[in-house]
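Here is the structure we will look at.
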Amino acid sequence: MFIFIGGSKNNNGVIQTVQGPVGSDTLGVTLSHEHLFSNFGLPINETSTYDETRLLAQVIPYLTMLHSQGVRTIFDYTASHFGRRADLLKAISDSTGISIVTNTGIYGAADDRHIPKYAYDASAMELARRWITEANNGIDGTSILPGFIKLAFDQGPPSQIDRKLFEAGLLTHLETGLTIAVHTGDNPDAVHLQLDLLNKYGVHPSAWIWTHANLHDDFELLFEVADHGAWISMDGVNHENIEQYLEYIQRFKDADLLDRLLLSHDGNGYPAGGDIRPFEAIPKELIPSMRSHGFSESVIDQLLVKNAGEAYAIRVRRTGEREN
Ligand SMILES: [Zn+2]
């Protein structure tokens, strides 16, 4: 149906980190949605520039601390055009021993302020070709490959540009097998549009992550979507809301849907040069609280190790093909 020149690397079933491919069962404790740094909010042509000395001096000790708390892998959600720097992620991974996974794609939320002009002129297919080229050849002149696709919908009725970016994501998935993580939040219209388009393109919902699903409080829809095989990312864990997350986990357990749930903080190690927005509550507070509330080690392992490996393992997921 869609023919591309070239073709993907043979990386079926692996997780693509900034240091290269690793087995999806080797991730260890994983934070599935964080930002090691970003320049969110800055003008679009200034988002790749950092005071690198200051950035590394702030982020490396923080990740070293997280490593001592047991964290082994972090999925970095800072997209191109709001601060992605694959070379800095690699330097941080090299000096901390934490595996880091970066992304391709374009972030369409925040009133489109981080969408470059070329994206409006290009077709979904042309955008997909750019992202497929990154997935095959590397990001910004490096040989570092993205490990997933990062996209976003604004609040309200889905816009043409956000829809086109998502269609480009579907085309990229069909060629590369990269999982599509989409900032969707509390937007049922965007959820339904994405499910319709997944179906139209023949992509199984297990290739899609509903990012910031914790902002949506209708569990009926969360469970319905999870039941279709989609990933539900509850990515707002912090020091203040551990009890609430224990309750979310219990509800997913009662619904027998723990195998669709991803947990993270959406923290930031260097937000436009500012102070760290912490991403340490999961190892320091949530995991110990799960133990004291009687959750088994196998549930903890499922939520913080296994699910991320499953969600992000690179493979084309077509509708009608059996999952697992
Ligand atoms: Zn985020």
Side-chain angles (χ1 to χ4, degrees), residues 15-18 27 30-42 47-48 50 55 59 62-63 66 71 73-90 92-93 98-110 113-115 131 134-135 139-140 144-154 162 165-166 169 172-173 178-185 187 190 194 207-215 231-238 261-272 274 276-282 304 307-309 311-312 314:
I15 301 293
Q16 187 67 55
T17 79
V18 296
L27 300 187
T30 298
L31 304 179
S32 58
H33 177 154
E34 310 297 345
H35 302 264
L36 297 195
F37 46 82
S38 76
N39 270 326
F40 200 79
L42 259 61
T47 58
S48 300
Y50 294 94
L55 185 158
V59 176
Y62 193 69
L63 259 64
L66 288 174
V71 174
T73 303
I74 297 178
F75 286 79
D76 188 273
Y77 269 59
T78 296
S80 64
H81 309 292
F82 79 80
R84 182 188 62 171
R85 278 282 301 274
D87 60 332
L88 291 176
L89 292 176
K90 169 90 167 40
I92 293 166
S93 183
I98 291 189
S99 293
I100 297 170
V101 182
T102 185
N103 64 83
T104 189
I106 291 174
Y107 179 88
R113 66 189 301 168
H114 296 292
I115 301 178
W131 303 344
E134 280 199 338
I139 293 169
D140 299 336
I144 298 164
L145 306 182
F148 65 103
I149 303 159
K150 166 77 188 288
L151 303 167
F153 277 85
D154 268 309
D162 290 350
L165 293 170
F166 185 68
T172 305
H173 171 78
L178 295 179
T179 300
I180 311 164
V182 188
H183 169 117
T184 301
N187 189 342
Q194 290 175 89
W208 174 65
I209 300 173
W210 177 354
T211 297
H212 305 323
N214 48 300
L215 299 177
W231 294 96
I232 305 299
S233 179
M234 309 289 257
D235 43 45
V237 179
N238 63 49
L261 179 60
L262 296 167
L263 298 172
S264 215
H265 311 84
D266 194 19
N268 197 320
Y270 194 77
I276 295 171
R277 189 168 81 221
F279 40 110
E280 60 193 58
I282 287 177
L304 293 159
N307 281 358
Y312 292 98
I314 296 173

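Scope of the values below: all heavy atoms of this structure, side chains included, with no hydrogens, waters or symmetry mates. We're numbering straight along the sequence, starting at 1.
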Inset, instruction - Check side-chain contact (heavy atoms from CB on, under 4.5 Å) between N103 and all other residues, then give those that pass, not counting sequence neighbours. - result: A79, F148, K150
Inset, instruction - Please check if the side chain of T47 supplies one atom and the backbone of S80 the other of a donor-acceptor pair under 3.5 Å. - result: no
Inset, instruction - State which residues pass ring-ring contact (aromatic ring centres under 6.0 Å, His included) with H33; sequence neighbours excluded, sorted by chain then number. - result: H35, Y77, H212
Inset, instruction - Look at the rings of F82 and Y107 and say which category their plane angle falls in: under 30° parallel, 30 to 60° tilted, over 60° perpendicular. - result: perpendicular
Inset, instruction - Any chance you could measure I282, atom CD1, to N238, atom CG, to the nearest 0.5 Å? - result: 10.0 Å
Legend entry - ring-ring contact (aromatic ring centres under 6.0 Å, His included) partners for F279, two or more places apart: Y62
Inset, instruction - Identify the heavy atoms of I15 and F75 that sit nearest to each other, and give their distance. - result: CG2-CZ, 4.1 Å
Legend entry - S93 to V18 - nearest heavy-atom pair and separation: CB-CG2, 3.9 Å
Inset, instruction - Please report the shortest heavy-atom distance between V101 and Q16, naming the atom on each side. - result: CG1-O, 3.2 Å
Legend entry - Shortest non-hydrogen separation from H114 to L42 and the atoms involved: CE1-O, 3.6 Å
Legend entry - Interatomic spacing from CG in L31 to CD1 in I100 - rounded to 0.5 Å: 11.0 Å
Inset, instruction - Look only at the side chain of S233 and the backbone of T211, and say whether a donor-acceptor pair between them is shorter than 3.5 Å. - result: no
Inset, instruction - Would you mind reporting whether W208 and F166 have side-chain heavy atoms less than 4.5 Å apart? - result: yes
Legend entry - Within-4.5 Å side-chain heavy-atom neighbours: N268 and F40: no
Inset, instruction - Hey, could you give me the CD/CD1 distance between Q194 and I209, rounded to the nearest 0.5 Å? - result: 11.5 Å
Inset, instruction - List in chain and number order the residues that pass salt bridge (Lys or Arg N to Asp or Glu O under 4.0 Å) with D266, two or more places apart in sequence or in another chain; answer none if no residue qualifies. - result: R277
Legend entry - All salt bridge (Lys or Arg N to Asp or Glu O under 4.0 Å) counterparts of E280, not counting sequence neighbours: K284
Legend entry - Partner residues of Y270 under the ring-ring contact (aromatic ring centres under 6.0 Å, His included) criterion, sequence neighbours left out: none
Inset, instruction - Compare all side-chain heavy atoms of W131 with those of P146 and state whether any distance is below 4.5 angstrom. - result: no
Inset, instruction - State, yes or no, whether a side-chain contact exists between Y50 and L88 at a heavy-atom distance under 4.5 Å. - result: yes
Inset, instruction - Could you pull out the closest heavy-atom pair between S32 and S264, with the gap in Å? - result: N-OG, 3.1 Å
Inset, instruction - Kindly give the heavy-atom pair with the smallest separation between L263 and L304, and that separation in Å. - result: CB-CD2, 4.3 Å
Legend entry - L89 CG to D76 CG distance, which is reported to the nearest 0.5 Å: 5.0 Å
